[in-house]
Structures are given as structure tokens and as C-alpha cells.
Amino acid sequence: MPTKFLKLGFDDRVLCERSFRNIYLNGNRVGFNLGVNLNYYRGLHVSCIERLEVKVNGETIPEYLILFCINGKKFSVSQLKDLFAEFWSIKNTAHLEIYNYGLPEGKHDIALTLELRIPYMKFAPRTYGAVDSSAHKKMTILN
Amino acid sequence: MPTKFLKLGFDDRVLCERSFRNIYLNGNRVGFNLGVNLNYYRGLHVSCIERLEVKVNGETIPEYLILFCINGKKFSVSQLKDLFAEFWSIKNTAHLEIYNYGLPEGKHDIALTLELRIPYMKFAPRTYGAVDSSAHKKMTILN
Amino acid sequence: MQHDIDFGVSLYGFTQQWCENKDYGFDDMFKELNRLGIKKFEIVGSQMFNNYPNPTEEEINHLLALCKKYDVEPFSYGGGIDAGKYSDHDMTDQEIIAEVTFELMTAYKLGCKYIRGFGIPTHLVKEVARFAEFYNIKIAIEVHAPSRPSDPKVQELIQQIKESGSSFIGLVPDFGCFVERPNPFVLQRYIGLGANEAILNFIVENRHNGYTEESIWQKVQEMGGGQTEKLAISELFGYLSFAPADLEGFKSLLPWCLYFHGKFYHIDENGVETTIPYQQLLKLIVESGFKGVIMTEYEGHCFYLNDAPEQIKRHLQMERNILSQLEVKRISTV
Amino acid sequence: MQHDIDFGVSLYGFTQQWCENKDYGFDDMFKELNRLGIKKFEIVGSQMFNNYPNPTEEEINHLLALCKKYDVEPFSYGGGIDAGKYSDHDMTDQEIIAEVTFELMTAYKLGCKYIRGFGIPTHLVKEVARFAEFYNIKIAIEVHAPSRPSDPKVQELIQQIKESGSSFIGLVPDFGCFVERPNPFVLQRYIGLGANEAILNFIVENRHNGYTEESIWQKVQEMGGGQTEKLAISELFGYLSFAPADLEGFKSLLPWCLYFHGKFYHIDENGVETTIPYQQLLKLIVESGFKGVIMTEYEGHCFYLNDAPEQIKRHLQMERNILSQLEVKRISTV
Ligand SMILES: [Mn+2]
Ligand SMILES: [Mn+2]
């Protein structure tokens, strides 16, 4: 199992077209939702997320606009490292709520960078294998 | 609301007679279970636990024998401080699994020391009110 | 009705049953509201949801289904900022804004038009108002004992609210700010717990004689006081603080009040709260032209008399009596 | 049957469907087991439970109800120590023991008699055996590629198991340790991802020419290789490592083996795994007098051919063929 850098072929499941939608409040578009699944064979503790970035049409979303939602709870990106008690299972879609006033109807180029520590693949103190669950997709949002 | 040291009168609910029972594995008694409710008017994050100790018949249980079980998860006492994402609600009984080979049938003197930070009662940086949810009861265990 | 005051009941008033009786739930509370003829209620999230600050969809839906069944409506969401929930640091401003947003999300799902805000730092008032506006929910920051309306920090809060120019941020004064003397039940409880009566009297008499919580505890220890007397000091300097009512301060709050927490501890058979000057408070509210809700907030559960339904009924009756007397006066002076 | 070998199937073999098909679940896998005539299975907790390391009662009960429905039995629980799950420290020994206990608790609830252990440090073997005994569950520490049985650390592990004197701790060798050459599908996949064939050949040919993963990556970069070639290096030095099979080492493991992971990648129409010497491995197992289970562990999902049922069927047939040939030989030499 020790393999320092892994990228499996389940890319297509990472960005979830069905849960790509705008978020409205009282008729105002305030953000959009991005459903994310792991590209891995097993689940991982949320604390294993080492890097999470979203680019929309080439532009990076500032971290403070992102809420990471899993197991019914909502977290800021900076909190993720502490969540050793939240498990992100293979069948469990995490949702990013991105409060950037949403996206206009139509196709958008979504690039997710998502890198995770593989917690059982220890090479040296504090040195673990990594899995790349990044994905890139053009997806359609409806208003 | 700012009150530095609180002890409410819902003491009786803290130590839960119904869930006071021995734990058996393959016919061997390996420990006992102690159900604990908060003596407070609202729930608290598990990270607010500042002190947790159990004495049985006057003897302190070593910390490493205790598992703190809540929301379907199990934790060591030393992990509790990190669990800001686990909520211990008023209607939710936490269970201490204490692996001391259990207790003989009969009455036992159980003394729980449980002190929690009141997270909204801030007096100064890192200084908060505290609620005392300790309890002391003689309870009967059946084998 | 000449006044435009409506009544609501905070479910917080049912704390004793909620905590002591495993099976006591929303059904039971809503049945009480039905008996009282009250529709509007407040719910404290950290008290009544199993998951907080993000109650699950199931919890929300369960509550809303019962609201429909009993024809009651969540008027205000009792929120708060648990700034101390992290063990390694106090919440940063950004973390506080996130928590406010969580409260707004919950209130939005519940259909509440108001949030009781607590622990929102004064310097974030304007920022918080922006978020409240997104959700179309008004945030009422609670002014609570032992704070008093005239306190500089409360006045600074008013200043920030004023400067925000936003109608989405305001105040909810808690009438516990105006307790004038300790309720006899409070002192009886300490005595029941083993407190020395002479020491208790000393604490009450010297509450406003220049002592701090720390210095009076020092003194009380010298007099032979222990943990029970410490509890008494902590409560009487804290949420059970008392002093001559700061009515002038109260007037300065009134233009910014979104609703009121009709806090009370005990109403006797004569229908009077003997420690809080309800008559004067309601008079000032009516005179201010306030249109809105007074939320009945029973806190006598701290006496463990298990009497919430009767006490809440008396409270509503007391308020109606006072308001109709004010009405008569107004009419007779016209 | 002269040999005492039984067969099981690891649900891990269904990884591709599990990951790609949202609706694919235990029902589907158990139907496959029924079709294969297999009762015993292994389940990897971190792969198939939504809550890990403590699956909920609902999850456990759901799984057990389906086991009953399809008449299949959880033989072994695929556990592991996620020593890196904390962001601020590697797990301490005490934390590792706690995790082992969680795996034992889950296996106990499932009724598994074995746990596949992974990541248990050698110096904790004796301590872990004590806990395993409480639960009456045997922990089989996996010997997995790129480790080889003759490696000093594997031999040290055997020494600790021996010294423990406990029958509750042992080994589960994974036949991936004995891959002798890269499967053509592996190399085709890299080429499909854009790898340069010449560089790939260089990596394969020089896998055992004194390079470390780092030094060959250095060299490959000089040759113009990029991220795809890096992935190839990482896998071929990692879980897809290859080398002449360490059969002597395997013999040294056999007295401590509790069961086997019949890892395989591809079995062609001739019914042969061309990269792993199954014939030799099974011969050694039978000769050792082993009584127990070989757990079919298909990992060809890394080629994304979506062919698990057919491949697992071929694997079981291959094993049966080899074992019956060994039988014939044994009888004819008697
Ligand atoms: Mn209040
Ligand atoms: Mn294996």
C-alpha cells in the first residue's frame, strides 16, 4: 500500500453535476453549491484534507467565501485540519457552499484542487502518502 | 447571563441509573458503562469539558481506562478538548465506558467530577464562566 | 386595542420540564401555548436542538411539522455566539461572523423574523447587519443582567446600531436587568443548600458597597463562607444581579428595541412580579410608541417549583392588566 | 478434499462499482457472492461504512440483516490504523491501541473471527494480542507490497509474534508481495494517461537497479518525464511493486499465517494470473499444512475494466484447479 502519490481513475464522480446549483435567499442569488465526492477507494477523515481550492472560469474563489458542509455540519476551510472526528465516506457527498453571489445560468469551467493525506501510509514522522482528488469539469448551472 | 460559577439543580439527571451496567465480552466482565447527562439548561460542545473524573467507591479511575462515547463516536478523555464539532445536547446521554473489569453486583458509590466552560460567558481573553455538572450517587448494578 | 403590543412565550420558560423529564418535548410545550392562546414563541437553539449550531434537516422538519399541527409560529430564534467553544483560542471576528451566519440559516429555515443575538462584539454590529439583511431577519442584541442600560458598553452598542443605519440590527432588553431586590426564593434556595443566613444577608446588603465579586468572596471566606456562599455571590453578581431599576437607561434603549424579553422569576397569587417594576417598564414601552412583541421569558425554574404553565399564565395576565390600566389612564387623560 | 483450504471473497474486489455507481451496495455484492457460491467475505471498514472508525448501530444492523437475507457471513474485518489522521501529531502508542480496540469492537459486532490488521507497530504486537484475546478475535497483520517477507522488519514482526506466545496475533500475507512483473494493463494505463513509453520502459527495467523513488524521479525528469511518469514511479515503487517472488521469505511466514489475501490483478481466458506465481504459493501453503481461508482480493479495478464478477469467478476457479492438481500429484506420489 505505501505509495507516495496516488491519483485514481474515479475522477468523474468528484464534481457532482446534480448538486451544482445557485443558492438563493429571499429571491437574491448569494452563492452556489458544489457537491464533491472523493476520488479514492475508501473514506477519509476530514482532517486529512491538505489542500482545497476552487477555480471558477479561471478565477480562484477566496477561501473566506467557502463553507465546507459534511455530516450535517458546516465548517470554514481553515477548520478542516482539526476535524479528525468527521469522516468523509465514499458514499457521502460533501458540499461546498460558495458565497460569491452565485453564477449566471449556463456552462462554467470548474476546477477543484483537493489533496489529502493518506493516514495509514506513513513513511516517516509526519510524512504520509497523498491522494490527489482534484477534478476539472465544465458544468451547467440552471437558474 | 455572565455568572462565573454555576451549579444548577438538575443534579439527579446527571448519573443515569438505567444505563449503569457492566460490559461483558465473551462472558468475561471487562468494564462498566456509566450514562451521564448535563446538569445545565442547554447543550455544550464537548470541547467545553474542562475536567472529567470518576471515583468508584472512593477510588479514582485512571483516565486511560475511560472512553467517552457520544453521537455514535468514542473518544479518549485527552481528546475531548478538541471536539468543538461534537455537541452534547440536553436530551443526549453521553456514555462513559470504563474498562476496569467492571463492578460486582450491588450498590456502588459513584462520584463524577464534571466541569465545563460556558462558551458564551466570556469575562476576559480565555476566561469564561464555568458550570459544575458533578454528581454523586449510590447506584445499583446488576450482573 | 390602543397599544400595539402582542405577546409571545419563550420555550426557555419550560426549562425544568425539558431538563428533568426525558419525554417532555415540543408537543408538550405547544399544547401549553395552545392552552395559553399564544401563537408566537422563541426557541433557544443550543437548548433544544440536538445538533448545534447546525440543527439537522430532520430536527428542523420535525419542529415545523409540530408548529403546523399546533398552529404556533417560531417568532424569534434564540441564538448566541459560543466564543469559547475552541479550547485553544477565543473566536476570531471571522469565526464570529460565521456563527452569526449559522444562526441566520437556522432562523431562516424556521421562518423566524427575529434572532436574539448574544455575544456579538460591538465592533461587528455593522458587518452583522449586512448579513442579517441578506436573510431578511432582524438581529436583536440582548441587553442582559448584570449589564444595565446606562453602562457605557451598552451605550456604545446603541451608537454602533445608530451608525449602521440598518433596520436589521437592534436590541432586545431582558427585564432581568431591572431586578430591584433578590427574590426570597433565591435566598431560600441558598439556605436550603446550606448557606449561612447571616453571610447571605451580608452579601445582599453589600452588593453595591464597592465590592467586586472577588473582594466580597475574600471577605465571605473570612466570615466562614464556603462553596454555597460562593455560588450565591456568583449568581447575585451575575444573572441574578439586582439594583434600583435603571429606567432612564431603559428609555435610551427604546428607539432601538425590536422586541422585549419579559423575563420574570415569580408572580404571586396577587398577580405581581415583586422584584421587577413591570408597571413602569410597560408604561415606558407604550409611551415610546413601540409596536411589537413582548416575549414572556420565565426563569423561575431556578427555584425548581415546576410551575411554568401557571407562572406564564400569570405573567401574561399581569401584562394585560397593566396595559389595560395604562389604556384607561390614557383615555381618561385625553 | 485432502487440503483444508476454504475460500472467501473480499468486498474490496467490488471497488469500481462501489465508487462509480451511487446505488451499488451490499445487496449487489451479496448477490454476487451467492452466484459464486461463496459465504465468507471480508469488509474494509474505512471503505464501506459511512462512519469510521465507529460505524453506527444502524449501519451494523443493516449489514447484518442483509447477511442473513443472503446467507453470507463476515469472516474478516479489514481494519487499519490511520496513524496520520491527526494534523498535529502522529498517533501515540496509546492512541493506536484505542484504534485497535475500535476495530475489535466493530469486528465483534459483525461476528468476524479475524481482523486484517494494518499499521500496528511491531513493538505493540504483544499488547495488541492481549486486547484481541478479550474479544476472542484473531488479528492478522498484513504483509503487503512493497514489503517482502524477507525484509528485516517483517522478520522482526514474526519474532514479536513468536515471543507473544499468543494465538490471537498472526499474519495475513497479501499475494501482491509476489508480483513478478508489471501487468501490461498497468503500463497501458500510464500510456493512456499520456506517459512516454520509452521512459516507462526505463522505469520498469531500472526498478531494481539501485534507484530510490526519489533518484529515479530525478532521472526521469531529466528524460522529460512529468506527473504521469511520477504516478507510474510512485505506484511501481509502491503498491504495484514487482520483483522475483520471495518464496523463501514466504515459507518463513507460513507458521504464523491466519489466512491469506489472494490478491490478483488480472486472470486471462486461460485462467492464469500471469504476474503472480499462484501455483507455487498454493503449493507452499498446502505443504505447510495450513487449514483455513484464502480470501480472494481482486485489485484489477485499477485498470477500470469493470470486470470484478468475472475476474473473481476466474480466480476461484484458478485456485481450485491448482489445488486439485496438487492433490492429484500428491496422490500419485503416495
Ligand atoms: Mn432573555
Ligand atoms: Mn490485501
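The chains referred to below are lettered A, B, ... by the order of the sequence lines, with proteins before strands, and numbering in each begins at 1. Everything quoted here is computed from the prediction, not taken from an experiment.
Atoms CD and CE, on Glu97(A) and Met105(C) in that order, are 5.0 Å from each other to the nearest 0.5 Å.
Residues Leu25(A) and Glu133(C) form no side-chain contact, since every pair of their non-hydrogen atoms from C-beta on lies 4.5 Å or further apart. Residues Gln79(A) and Tyr86(C) are in side-chain contact: their nearest non-hydrogen atoms beyond the backbone lie under 4.5 Å apart.
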(request) Decide yes or no on side-chain contact (heavy atoms from CB on, under 4.5 Å) for Ile97(C) and Tyr64(A), but give the supporting numbers first. (result) CA-CA 11 Å; Ile97(C) 295 289; Tyr64(A) 72 92; over 6 Å; no
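With Asn54(C) contributing its side chain and Gly72(A) its backbone, the two residues share no donor-acceptor pair below 3.5 Å. Panel note: side chain Asn26(A), backbone Phe134(C); a donor-acceptor pair is recorded below 3.5 Å.
Within a 6.0 Å radius of CD in Glu59(A), no more than 12 heavy atoms belonging to other residues, nucleotides or ligands are found. For Asn34(C), the CG atom is densely surrounded, since the number of other residues' heavy atoms within 6.0 Å is greater than 12.
Residue contact with chain A, scored on non-hydrogen atoms closer than 4.5 Å, is absent for Asn51(C). Contacts of Tyr24(A) with chain C are made by backbone atoms alone, with heavy-atom separations under 4.5 Å and no side-chain atom involved.
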